[in-house]
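Below: the structure, in structure tokens.
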There are 2 protein chains.
Amino acid sequence: MDSLEKRKYEELARISKAMAHATRLYIIHKLDEQEYCVKELTELIGVDISTISKHLSILKNAGIIIDEKRGNCVYYKLQCRCVLSMFSCLINVIDSNKDKMNVL
Amino acid sequence: MDSLEKRKYEELARISKAMAHATRLYIIHKLDEQEYCVKELTELIGVDISTISKHLSILKNAGIIIDEKRGNCVYYKLQCRCVLSMFSCLINVIDSNKDKMNVL
DNA sequence: ACCCTATTTGGCGATTTGACCAAATAGGCA
DNA sequence: TGCCTATTTGGTCAAATCGCCAAATAGGGT
């Protein structure tokens, strides 16, 4: 793997890592339905608000979500719905394993 | 997030984490082209063979790749090409960010 | 200006991850 | 059987991740 290729895969991994957490996947899923502010997400998820804030900043930093301040709150939404294809990919993997199991 | 939903997202995250590493993404990419044994992948990538073996076991454990012993070697291949849609997802995210930048 | 709510930031301890080395294991083949 | 190559496993260490708490910051509204 030459250094150019290495950089490419590290960049892909950077985005991929940002999604690789149950809470962050859940946030992405909820933000697909509608936008939410930090406090609302905190109530939906039930962990400390500082934890949610950090998850959001990881997603934002990876360019997966964007924020917008309105009134007293910071609202988050998906930067691009394309991330949702991630879910079908993950579900496909899980399903293709179930299939494998059944065959045996 | 009720406990059923929590389990669901943890399961998705389990697969997602397995892919969230530059070397493992690279392995997936190479295994899409053809199957390889551990030693060959080690030479392609250039880290310790035990490191590659562990990466492979993570991918195998997540049901992303499968192995097959033939002769002296263990060959690995994709369990299902569906994981490749992950790459387009990641690239889409990166591109949608570039677009955003250009607009500004 | 002051209070109050929302959010972010810094720091801490616990856990996980990733890379290497060395040693164990597996199996083919002379 | 004994050797040799390929692979896996266990141990160690450094670095990254995660969740909480406490404190800092931001900004609206009275």
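Chain identifiers are assigned alphabetically (A, B, ...) following the order of the sequence lines, protein sequences preceding nucleic acid strands; residue numbering begins at 1 within each chain.
In terms of the side chain to side chain contact (heavy atoms under 4.5 Å, CB included) criterion, A:Asn72 has no residue partners (sequence neighbours excluded). Annotation: disulfide (SG to SG under 2.5 Å) contacts of A:Cys82 (sequence neighbours excluded): A:Cys80. Among residues two or more places apart in sequence or in another chain, the side chain to side chain contact (heavy atoms under 4.5 Å, CB included) test is passed with B:Ile49 by B:Val38, B:Thr42. Contacts of A:Cys37 classified as disulfide (SG to SG under 2.5 Å), with partners at least two apart in sequence or in another chain: none. Looking at residues two or more places apart in sequence or on another chain, you find no salt bridge (Lys or Arg N to Asp or Glu O under 4.0 Å) involving A:Asp48.
Residues B:Tyr36 and B:Ile27 have side chains not in contact (no heavy-atom distance under 4.5 Å, counting atoms from C-beta outward).
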Between the protein and nucleotides 13-16 of chain D, which nitrogen or oxygen pairs are less than 3.5 angstrom apart?
none

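Taking atom NZ of A:Lys17 as the reference point, atom C1' of D:dT17 lies 10 Å away to the nearest angstrom. B:Tyr75 places its OH atom 8 Å from the P atom of D:dT7, with the value rounded to the nearest Å.
Near-neighbour residues of DNA chain D inside residues 1-14 of chain A, defined by a heavy atom below 4.0 Å, are absent. Using a 4.0 Å cutoff on non-hydrogen atoms, the parts of residues 42-68 of chain B near DNA chain D are B:Ile49, B:Ser50, B:Ser53, B:Lys54, ordered by number. Within residues 24-36 of chain B, no residue approaches DNA chain D, by heavy-atom distance under 4.0 Å.
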Summarise protein proximity over nucleotides 23-30 of chain D in one line of letters, 5' to 3': B for base, S for sugar-phosphate only, - for none, counting protein heavy atoms closer than 4.0 Å.
----SS--
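Here side-chain hydrogen bond (donor to acceptor under 3.5 Å, both in side chains) pairs that include residues 85-94 of chain A, with residues two or more places apart or in two chains, number zero. Pairs engaging residues 12-28 of chain B under the salt bridge (Lys or Arg N to Asp or Glu O under 4.0 Å) rule: B:Glu11-B:Arg14 [sequence neighbours left out].
Heavy-atom contacts from other residues, nucleotides or ligands closer than 6.0 Å to NZ of B:Lys30 number more than 12.
Closest to the side chain of A:Tyr76, out of C:dT8, C:dG18, D:dG19, is C:dT8.
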